Trainee: 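Quick one: the structure is below, questions incoming.
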2 protein chains.
Amino acid sequence: MNSQTSANTSMARRARMLDVIRQQGFVSIPELRDSLEVSESTIRRDLESLEESGEARRTHGGVFYTGSVTTVRQFQRGNPSDGAWDKKRAIALEAAKLVNDHDTVLLDGGSTTYELAKQLVGRPLQIVTNSLPVANLFSASDSVDLVILGGAIHNRTGVTHGPFTDQMLETINVQKAFLSVAGVNEKGFYNSNLLLVETERCMMRSADRTIIVADSTKFGRSSLARMLEWNQVDTLVVDEDLSTLWRDRIDELDTNLILAPLNNSQDTHSNSIS
Amino acid sequence: MNSQTSANTSMARRARMLDVIRQQGFVSIPELRDSLEVSESTIRRDLESLEESGEARRTHGGVFYTGSVTTVRQFQRGNPSDGAWDKKRAIALEAAKLVNDHDTVLLDGGSTTYELAKQLVGRPLQIVTNSLPVANLFSASDSVDLVILGGAIHNRTGVTHGPFTDQMLETINVQKAFLSVAGVNEKGFYNSNLLLVETERCMMRSADRTIIVADSTKFGRSSLARMLEWNQVDTLVVDEDLSTLWRDRIDELDTNLILAPLNNSQDTHSNSIS
DNA sequence: CTTATTTTGATCGTTTTTGATCGTAATTCG
DNA sequence: CGAATTACGATCAAAAACGATCAAAATAAG
């Protein structure tokens, strides 16, 4: 009941900014300037920090919302439980380099592919996905042609699967398919659900290149259903914590291995994605 | 503005300060100075101690309350209340009554059908939809079997359409389909996009009953593409602001008309946020 | 009543944040 | 393919906020 925008600090401003971005999906900088009544310079600076924390993604002409799941207000102190998250993000950065503009890309569900999707927002691409969260990321974007694979939703994960999905995949061809896994061992790649695995097999058949994204903790683990054999996979993107044992093993196969560097330094200004 | 009678000790002041901080979530130092009528230096000192005890968190420009489990303070979440929004909600309430438990229901995109979807969350149903926002509503629900119609995403609206969608609809049968429209005139029902209209025709063919939800402002308006004729529609749900002219016209057809009462009571608190 | 200790308020130099300007890069349009 | 327009990042000066220091007022003790 007092002044409406009394909270005139950078933090409060960024919170409001993020609110606007979330609501609209995409906002231009002049719009934000009018809406928040600060200079464009300030907007740019805030956006820089907002992008760094992964909550938004800048492009020429504005910002996309990529909303991290962490709605919790966090100060500059690092979250202790981010070990695995750093790996996923590093993998996503490397995997994003494998994608060229105007590619047709298939994205599976899963947290790592979701991170990859966040990196791809704003680029001119054709995206095919069976993941509801991934689809939400791109749905506001003009630069992306988005195709959703229909089918029944798997409740926990928010991905479609089943005969509808598989049938639709048969008539689709993509250049690169990015798949996630629950486990990797010497026999192949695993996931936890039989129907999902069947859908992922269809994905592989629809793709010219199959790329697996998996953090190093997945290695040596198996799961219920075997999805793919080693020789069916073209490229594998893993964080550099992968043991030398596995590196050597993969060397002997004709699967490409890409190791994603884990940037532990707080060098945040050098990462530019073109 | 209150009496700061004899309780002018530092402890009492800090207690009041914390009260203000808790209430507002965030306060600037000048605000606290005005509110407590002491100098800024004193405020700073108090804040220092308050931060040390972990009850508040200072930042440049002010203080955040961190006292207990931070009720994540939303700044302004207010949706600018539309007049039309009340109508959509009234229509949604009536339309929800047409749905029985364990029905198979098809939901089109659009703001009115979205309101309907919100009313259906939690009920045991099979839901088929081409709308990304609608799918998100149900994706976390255990009681719903959710099927998404695949296909290309129409950017602005977040619904799938096109040949994939149509093809998938051919193999699907639902009991009731709820469709939204952009306009209604004496010739039939209109929407703005040709491909979307084609998809909606397929929806109608897949449904035993076709139900149109449209608020009264849509009547008399046409749009680019005619979707359906009057005789293809079983039931029409409209708010009670519909003119008598249109009521009489519809009376002469064999389309069921359901008028949704507009509750003018301020029952705006029942909208729940997932 | 005087003195010592604590608390408060004011001042000043330093740091952070902000807004404007300008050259460069990207995008659009002809 | 080149020109015009728009958006971007870097730089710099002004403004705001901060911490530290010191004097004045209030409180407590001798």
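This one's a predicted model, so the numbers in the text were calculated from it and none came from an experiment. Chain naming here is simple, since letters A, B, ... match the order of the sequence lines and numbering starts at 1 in each.
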Trainee: Taking only residues two or more places apart in sequence, or in another chain, which ones meet A:Asp234 in a side chain to side chain contact (heavy atoms under 4.5 Å, CB included)?
Mentor: A:Arg209, A:Thr210
Trainee: What pairs with A:Arg205 under salt bridge (Lys or Arg N to Asp or Glu O under 4.0 Å), at least two apart in sequence or on another chain?
Mentor: A:Glu198
Trainee: Any chance the side chains of A:Asp103 and A:Gln126 put a donor and an acceptor closer than 3.5 Å?
Mentor: no
Trainee: Start at the 5' end of DNA chain D and walk down; is the nucleotide closest to A:Thr59 or to B:Ile29 reached first?
Mentor: A:Thr59
Trainee: Verify whether one side chain among A:Glu52 and A:Ser49 offers a donor that lies under 3.5 Å from an acceptor in the other.
Mentor: no
Trainee: A side-chain contact here means heavy atoms from C-beta on lying under 4.5 Å apart; do B:Glu31 and B:Asp34 qualify?
Mentor: no
Trainee: Before giving the answer on salt bridge (Lys or Arg N to Asp or Glu O under 4.0 Å), spell out for A:Arg89 and A:Glu115 the whole-Å C-alpha distance, their side-chain angles and the decisive distance to 0.1 Å.
Mentor: CA-CA 6 Å; A:Arg89 189 151 171 278; A:Glu115 285 301 317; 5.0 Å; no
Trainee: Distance check needed: C:dT7 P versus B:Asp46 CG, whole Å only.
Mentor: 11 Å
Trainee: To the nearest Å, how far apart are B:Leu32 CG and D:dC18 P?
Mentor: 11 Å
Trainee: Any N/O pairs under 3.5 Å between the protein and nucleotides 26-29 of chain C? List them or say none.
Mentor:
none

Trainee: What integer distance in Å separates B:Arg14:CZ from C:dT8:C1'?
Mentor: 12 Å
Trainee: Please give, in whole Å, the distance from D:dG19 P to B:Ile43 CD1?
Mentor: 13 Å
Trainee: What are the atom names and distances for every N/O pair under 3.5 Å that joins the protein to nucleotides 9-13 of chain D?
Mentor:
from	atom 1	to	atom 2	distance (Å)
D:dG9	OP2	A:Arg58	NH1	3.1
D:dG9	OP2	A:Arg58	NH2	3.0

Trainee: In whole Å, what is the span from the CG atom of B:Leu36 to the P atom of C:dT7?
Mentor: 18 Å
Trainee: According to a strict under-4.0 Å criterion, is A:Thr42 in side-chain N/O contact with OP1 or OP2 of C:dG19?
Mentor: yes
Trainee: Measure the CD1-CE distance between B:Ile43 and B:Met17 for me, rounded to the nearest 0.5 Å.
Mentor: 4.0 Å
Trainee: Taking only residues two or more places apart in sequence, or in another chain, which ones meet A:Ser35 in a side chain to side chain contact (heavy atoms under 4.5 Å, CB included)?
Mentor: A:Val20
Trainee: Provide a list of protein-nucleic acid N or O atom pairs under 3.5 angstrom, restricted to nucleotides 24-29 of chain D.
Mentor:
none

Trainee: By ring-ring contact (aromatic ring centres under 6.0 Å, His included), which residues pair with B:Phe138, not counting sequence neighbours?
Mentor: none
Trainee: Just to verify, what does A:Thr199 make a side chain to side chain contact (heavy atoms under 4.5 Å, CB included) with, not counting sequence neighbours?
Mentor: A:Asn130, A:His161, A:Thr165, A:Asp166, A:Leu169, A:Met203
Trainee: With each end axis built from five pairs of C1' atoms, what bend angle do you get for the helix from C:dC1-D:dG30 to C:dG30-D:dC1? Round to 10°.
Mentor: 30°
Trainee: If the condition is side chain to side chain contact (heavy atoms under 4.5 Å, CB included), which residues does A:Thr42 pass it with, not counting sequence neighbours?
Mentor: A:Arg13, A:Val38, A:Ser39, A:Arg45, A:Asp46
Trainee: Going by ring-ring contact (aromatic ring centres under 6.0 Å, His included), name the pairs with one or both residues in residues 88-112 of chain A, residues two or more places apart or in two chains.
Mentor: none
Trainee: What's A:Ser28 touching, base or sugar-phosphate or nothing? Going by heavy atoms closer than 4.0 Å.
Mentor: nothing
Trainee: Nearest-Å distance, CD (A:Glu40) to C1' (D:dA7)?
Mentor: 9 Å
Trainee: Starting at atom CZ of B:Arg33, determine the distance to atom C1' of C:dT8, rounded to an integer number of angstrom.
Mentor: 15 Å
Trainee: With sequence neighbours left out, which residue pairs that include part of residues 20-43 of chain A fulfil the ring-ring contact (aromatic ring centres under 6.0 Å, His included) condition?
Mentor: A:Phe26-A:Phe64
Trainee: Between B:Asp108 and B:Thr113, do the side chains contain a donor N or O and an acceptor N or O under 3.5 Å apart?
Mentor: no
